[in-house]
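Heads up, the thing below is written out as structure tokens.
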Amino acid sequence: MGRILSIHSYRGGTGKSNVTANLAWLLARRGKRVAVLDTDLQSPGVHMVLGLDRERLTFTLTDFLFGNCEIEEAAYDLTRDLEVEGEGALFLLPSRMTVEAISRVIAQGYDAGRLGDHFDDLIAALGLDVLLLDTHPGLNRETMLSTSVSDLLLILLRPDVQDFHGTAVILKVAQALNVGRTLMLANKVSQSTALGSLRDSIQSTFGADLVGLLPLSDEMATLGSRGLFARRFPGHPISVELESVTTRLLAELER
């Protein structure tokens with residue numbers, strides 16, 4: 001049975017969708033069958049990083065949540081598009097990026113229980129090894145309920161006072177919900193930062209393992225979510241660190 005990995009952050013702008021998309025691609029290239037759910041229904045964006053053409057869209061995760069399709073009908077196979085070879089596969093379940101759909105989610109919310117109840121169906125239908133949830137940032141009922149069924153929670157944060165404070169709150173909520181093992185990943189770390197001190201600070205503050213430190217990068221900013229960074233810049237320090245994070249996540253998920 002496939003494992004569920006949620007990727008979450010206290011606030012937007014941490015690079016969560018970029019990290020989620022790149023990790024999904026790296027996992028698929030290692031022979032895993034992976035699907036990404038864009039559960040950030042209010043501000044979806046992972047489809048841009050993965051290069052899904054909106055003209056291909058028939059059904060989306062938003063349609064499933066409002067009862068208009070089965071969950072597997074919202075899955076799009078990007079394996080060939082992203083040149084994943086061998087036994088690996090990469091699927092995306094995007095959210096609908098229209099004013100009407102986003103306004104409806106904001107006004108009505110959605111049934112997170114319906115989503116969680118169908119994770120096993122999706123895993124079985126697609127033969128998944130890993131189901132990745134790209135969450136809506138912050139603390140809200142739907143996100144925390146979805147996260148609560150995860151086998152592993154990866155929290156992104158920046159070396160920033162607001163992120164430290166908010167992440168501490170998220171960890172307390174995750175613990176109260178008995179979320180599976182939690183790991184930390186720091187992003188947009190300045191090159192002038194003392195990495196050893198930052199690592200010690202994060203691990204002592206949160207009591208959770210830090211799996212990586214992703215540097216602040218002009219190349220990432222210039223790319224602007226127009227594609228997979230690890231695919232475009234395979235030798236870049238960010239890509240090398242993401243490969244290391246992928247190795248650690250696989251070890252955790254295969255426990």
Side-chain angles (χ1 to χ4, degrees), residues 5-30 32 34-54 61 76 78 81-84 88 90-95 97 130-138 143 147 150 152-160 162-163 166-167 170 183-191 193 210-250:
L5 166 62
S6 287
I7 300 183
H8 191 47
S9 63
Y10 169 64
R11 58 179 177 161
T14 58
K16 178 173 53 63
S17 293
N18 265 293
V19 168
T20 300
N22 278 276
L23 289 175
W25 183 72
L26 291 170
L27 285 165
R29 280 173 56 88
R30 296 198 189 189
K32 302 301 179 184
V34 183
V36 179
L37 269 71
D38 190 350
T39 64
D40 189 357
L41 275 71
Q42 297 178 24
S43 51
V46 72
H47 64 281
M48 293 185 229
V49 187
L50 288 172
L52 175 61
D53 186 351
R54 291 173 62 184
L61 189 62
Y76 295 84
L78 302 180
D81 305 66
L82 298 175
E83 300 179 335
V84 175
L90 179 53
F91 302 88
L92 171 64
L93 285 81
S95 292
M97 198 171 179
V130 183
L131 178 59
L132 273 169
L133 308 184
D134 180 24
T135 66
H136 182 66
T143 292
T147 301
S150 302
L152 189 63
L153 171 63
L154 179 64
I155 298 179
L156 262 71
L157 78 164
R158 293 175 296 182
D160 175 281
Q162 288 188 44
D163 270 17
T167 297
I170 286 173
L183 302 173
M184 314 289 295
L185 175 61
N187 194 19
K188 301 185 179 181
V189 178
S190 170
Q191 294 183 8
T193 300
L210 181 70
V211 297
L213 296 161
L214 302 174
L216 189 64
S217 163
D218 287 342
E219 291 88 351
M220 177 67 85
T222 300
L223 185 59
S225 299
R226 294 184 296 272
L228 290 159
F229 190 88
R231 186 183 181 199
R232 299 279 188 93
F233 303 96
H236 192 279
I238 287 180
S239 302
V240 172
E241 188 74 347
L242 284 170
E243 288 279 10
S244 176
V245 172
T246 301
T247 298
R248 177 65 184 276
L249 292 176
L250 278 174

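Owing to the predicted nature of the structure, the values given are computational and were not obtained by experimental measurement.
Applying the side chain to side chain contact (heavy atoms under 4.5 Å, CB included) test between Tyr76 and each of Leu93, Asp81, Leu52 identifies Leu52 as the sole match. Shown are Leu5, Leu90, Leu154; of these, the side chain to side chain contact (heavy atoms under 4.5 Å, CB included) with Leu132 is made only by Leu5. Screening Leu153, Leu210, Leu156 against Met184 for a side chain to side chain contact (heavy atoms under 4.5 Å, CB included) leaves a single residue, Leu210.
When the ring pair (Phe, Tyr, Trp, His ring centres under 6.0 Å) test is applied to Phe91, no partner is found at least two apart in sequence or on another chain. Applying the salt bridge (charged side-chain N to carboxylate O under 4.0 Å, His left out) rule to Arg248 yields the partners Asp209, Glu252; only residues at least two apart in sequence or on another chain are considered.
Of all non-hydrogen atoms in Thr39 and Thr135, the two that sit nearest each other are OG1-CA, 3.3 Å. The shortest heavy-atom contact between Ile238 and Ser217 is CD1-CB, 3.4 Å.
Side-chain contact check for Pro215 versus Val189: every heavy-atom pair is 4.5 Å or farther apart. The shortest distance between side-chain heavy atoms of Lys32 and Leu250 falls below 4.5 Å. The closest side-chain heavy-atom distance from Leu133 to Ile7 is not below 4.5 Å. Side-chain contact between Leu61 and Asp38 is absent, with no heavy atoms from C-beta onward closer than 4.5 Å.
No side-chain donor from either of Thr14 and Asn187 sits under 3.5 Å from a side-chain acceptor of the other. In the model, Arg232 has no side-chain atom that pairs as donor or acceptor with a side-chain atom of Ser239 under 3.5 Å.
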Can you list the steps and then say if Glu243 with Arg30 is a salt bridge (Lys or Arg N to Asp or Glu O under 4.0 Å)?
CA-CA 10 Å; Glu243 288 279 10; Arg30 296 198 189 189; 2.8 Å; yes
Any chance you could lay out the salt bridge (Lys or Arg N to Asp or Glu O under 4.0 Å) test for Asp160 and Arg11, step after step, and finish with the verdict?
CA-CA 11 Å; Asp160 175 281; Arg11 58 179 177 161; 2.8 Å; yes
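No donor-acceptor pair under 3.5 Å is formed between the side chain of Lys16 and the backbone N or O of Ile155.
A salt bridge links Arg231 to Glu83: one of the charged nitrogens lies within less than 4.0 Å of a carboxylate oxygen.
Applying the side chain to side chain donor-acceptor pair (under 3.5 Å) test to residues at least two apart or on different chains, the pairs with a partner in residues 221-230 are Asn18-Ser225.
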